[in-house]
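To start, the structure itself, in structure tokens.
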Amino acid sequence: MISVTFPDGASRQFAPGISGLDIAKSISPSLANRSIAMSVDGVLTDLADPILRDAKIEFLTREDPRALELIRHDCAHVLAEAVQALYPGTQVTIGPVIENGFYYDFFRNEPFTPEDFAGIEGKMREIIARDRPFTKEVWSREEAKRIFRDKGEAFKVELIDAIPPDQEIKIYRQGDWFDLCRGPHMTSTGKVGNAFKLMKAAGAYWRGDSRNPMLSRIYGTAWVNGKDLEAYLKQIEEAERRDHRRLARDMDLFHFQEEAPGAVFWHPKGWTLFQTLIGYMRRRQTAAGYLEVNAPQILDRALWEQSGHWQNYHANMFITQTEDDRIFALKPMNCPGHVQIFKHGLKSYRDLPAKIAEFGAVHRYEPSGALHGLMRVRAFTQDDAHVFVTEQQIRAESIKVNDLILSIYEDFGFHDIVVKLATRPDRRVGSEELWDNAEAALASILDQVRQRAGGRVKTAVNPGEGTFYGPKLEYVLRDAIGRDWQCGTLQLDFNMPGRLGAFYIDEHSNKVTPVMLHRAMLGSLERFTGILLEHYAGNLPLWLSPVQVTVCTITQEADDYAREVMAAARAQGLRVVGDLSNEKINYKVREHSLAKVPVLFVVGKKEAAQRTVSIRRLGSPEQKAAALEEALAALVEEVMPPDARRAE
RNA sequence: GCCGCGGUAGCUCAGCUGGUAGAGCAACGCAUUCGUAAUGCGUGGGUCGGGGGUUCGAGUCCCUCUCGCGGCACCA
């Protein structure tokens, strides 16, 4: 007999090999009915699986949070069956669960389009209504390959070959249709329910490799009930409302046009925001001991060959050729330039750490399909810096960089941070020993980062994602609607200084190659601007708002006073504009609210007479009257950037 | 770069199976001087993304380039 323990701590004896379903039945028929799968010692399995030894068992109903994954997975299988029923000759490949849903990749000469969705969804509903049980079979490797080969499923045969020899080949049937799958599944197709929707069609490479054939992917979403589905669709709409490209139009911040793909045309308001960001970052890093520089935009090919960028990234660089046939490249990175500045003049160990910073404009010829608003551009500005250190200084300086980055994120309203250690990639320069040392050093720094943050910051490892010259820490922040953005980076580089001939003189008069820390805090300032806009849904904090106050008149009789108010506000350093147009106040309030102006001063005859303003804040219909001087004083206090506020 | 979809007035979009362009908002003009999310009337505005082809005739069909959108791949 085996002993089965239930969540309430009770345990009972059963014959070995009894199925979960039979155990559920022995407890109560309704439990057996409602259960769609079970957890055995914390692992989700089919309800029909036999229990062979002592175990902790928990039955899952459809409403269990853990069931959502099964609903989505089963829904993917239903999708695949529906597609093969409607489009014979289509091959199936894989169909995993992803965040908020699932997808299934098919191989078909003619890819699927959203127009196919209605038909497919209809067929899916039929399959779900049929409510056929999911049943598992274990096949021999040879038999499985033969059957899938006979069905013309070449991709499945490849998948079977990739399954490690010690693992079983599991097949799940749902009626006449079956698929290779590691499971688990719910008890029947009917459990999928009707809260699903096919979302989009897209191409995707077989096994994620661009050398492989392109498959046709269908994305779907599935939920426990219609209410959750509706909520999810609402959430997508909300994300669309926050789209920085849309906000840019509403707020008149920037635009793109065909002649400069992937490069921003900043409008006055957008540029104000951008410069406000730079101003803040400049103050923060100057206070932290960085020295700002500016290195050339265009540098000779030879330098890029020396740095290794030419070999590794030639295809992604903008190259120019001049009349005399010299070949130059627009800088894709700032580090070689900064190394030149470091090398200029003999450096002593007393000069280290040397912190060289630049708001460096870089150009990268990104693949056309990668471009995406401000989030992925070909010309951007990095808040870049290179800290030249001795080996002994690596740790302390890295921690300083870390603390600065985290403090800055806090100021921008990001509190949910993950720091990841990205280790050596396949394509790299430098010896294994250098990499061993560099990774070990960063791993230990990561450890300290976690300890210092006291649970406020999570850490993780990102294998193989380091740069070609060194491992890095990646700073990932989570925005207001739960999306993750990798912004900051701290790269430990034992290679580049040596390659570019940088050295310092140590205390024994020896030439020593320094170690270089590459660091960016916000990363691409263009991209960070986009992230900020979406994080705040355009409602930027006052200190960042390009227009902080708009003065709106009610009648022309208030024009003179409005001009006076504007002048007074401007004199106090506020970013103010006026709307003296011949429009009703309703119209003006609407216009400037849509343009996300945080503060409206409304002035009419009454205000002019009393020297007051009527204040309306973005997002609230409330009106507050205040004396002009008081209103301005309060705003001046409020628009102060976080660092200035701390310094007070 | 790859797969799919798209580009019509400043913006959002309509234009069926080919018969030489339309709405709302915006802009401009006039009237209105108004109290917190769209005042009324009027006027102007488009080589339908570029090029080529089919056709008596192309915004509409075909090819191609380009840009954008959704994914994939890439992201020093």
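Please read all numbers here as calculations on a predicted model, not as lab measurements.
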Task: B:G49 base / A:Gln257 side chain donor-acceptor hit below 3.5 Å - done: no

TODO: Report yes if a donor N or O on one partner sits less than 3.5 Å from an acceptor N or O on the other, where the partners are the side chain of A:Glu258 and the base of B:G7; otherwise report no.
DONE: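 Donor-acceptor pair under 3.5 Å: yes.
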
Open item on the list: Counting the atoms with a prime plus P, OP1 and OP2 as sugar-phosphate, which does A:Glu607 contact under 4.0 Å by heavy atoms, base, sugar-phosphate, or nothing?
Closed with: base

Open item on the list: Would you measure the distance from the C1' atom in B:G46 across to the matching atom in B:U12 and give it in whole Å?
Closed with: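 That atom pair is separated by 16 Å.
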
Open item on the list: Going by salt bridge (Lys or Arg N to Asp or Glu O under 4.0 Å), name the residues that satisfy it together with A:Arg108, two or more places apart in sequence or in a different chain.
Closed with: none

TODO: Tell me, please, which residues at least two apart from A:Ala260 pass side chain to side chain contact (heavy atoms under 4.5 Å, CB included).
DONE: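 Side chain to side chain contact (heavy atoms under 4.5 Å, CB included) list for A:Ala260, sorted by chain: A:Ala263, A:Phe265.
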
[N], OP1 or OP2 - any side-chain N/O from [X] closer than 4.0 Å?
X: A:Arg245; N: B:C69; value: yes
X: A:Lys605; N: B:C34; value: yes
X: A:Lys200; N: B:G71; value: yes

Task: A:Tyr469 side chain, from C-beta outward: closest of B:U36, B:G35, B:A76 - done: B:A76

Task: Per A:Arg590 side chain, nearest of listed nucleotides B:G35, B:U66, B:A37 - done: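 Output: B:A37.
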
- [ ] Specify the residues of residues 309-318 of chain A, ordered by number, for which at least one heavy atom lies under 4.0 angstrom from an atom of RNA chain B.
- [x] A:His309, A:Tyr313, A:Asn316

TODO: Under 4.0 Å from any atom of RNA chain B, heavy atoms only: list the residues of residues 368-380 of chain A that qualify, in numerical order.
DONE: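 Contacts with RNA chain B under 4.0 Å: A:Ser368, A:Gly369, A:Ala370, A:Leu371, A:His372, A:Gly373, A:Arg376.
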
Task: Base-pairing mate for B:A27 - Watson-Crick or G-U, with both contacts under 3.5 Å - done: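 Because both required distances fall under 3.5 Å, B:A27 counts as paired with B:U43.
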
Open item on the list: On RNA chain B, does the nearest nucleotide to A:Ala202 precede the nearest nucleotide to A:Val602 from the 5' side, or the other way round? Give the residue.
Closed with: A:Val602

Task: Residues that A:Phe196 engages under ring pair (Phe, Tyr, Trp, His ring centres under 6.0 Å), provided they are two or more places apart - done: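 Not a single residue meets the ring pair (Phe, Tyr, Trp, His ring centres under 6.0 Å) criterion with A:Phe196.
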
Pick out the pairs of N or O atoms, protein on one side and nucleotides 12-16 of chain B on the other, that lie under 3.5 Å.
{"residue": "B:U12", "atom": "OP1", "partner": "A:Arg249", "partner atom": "NH1", "Å": "3.4"}
{"residue": "B:U12", "atom": "OP1", "partner": "A:Arg249", "partner atom": "NH2", "Å": "3.4"}

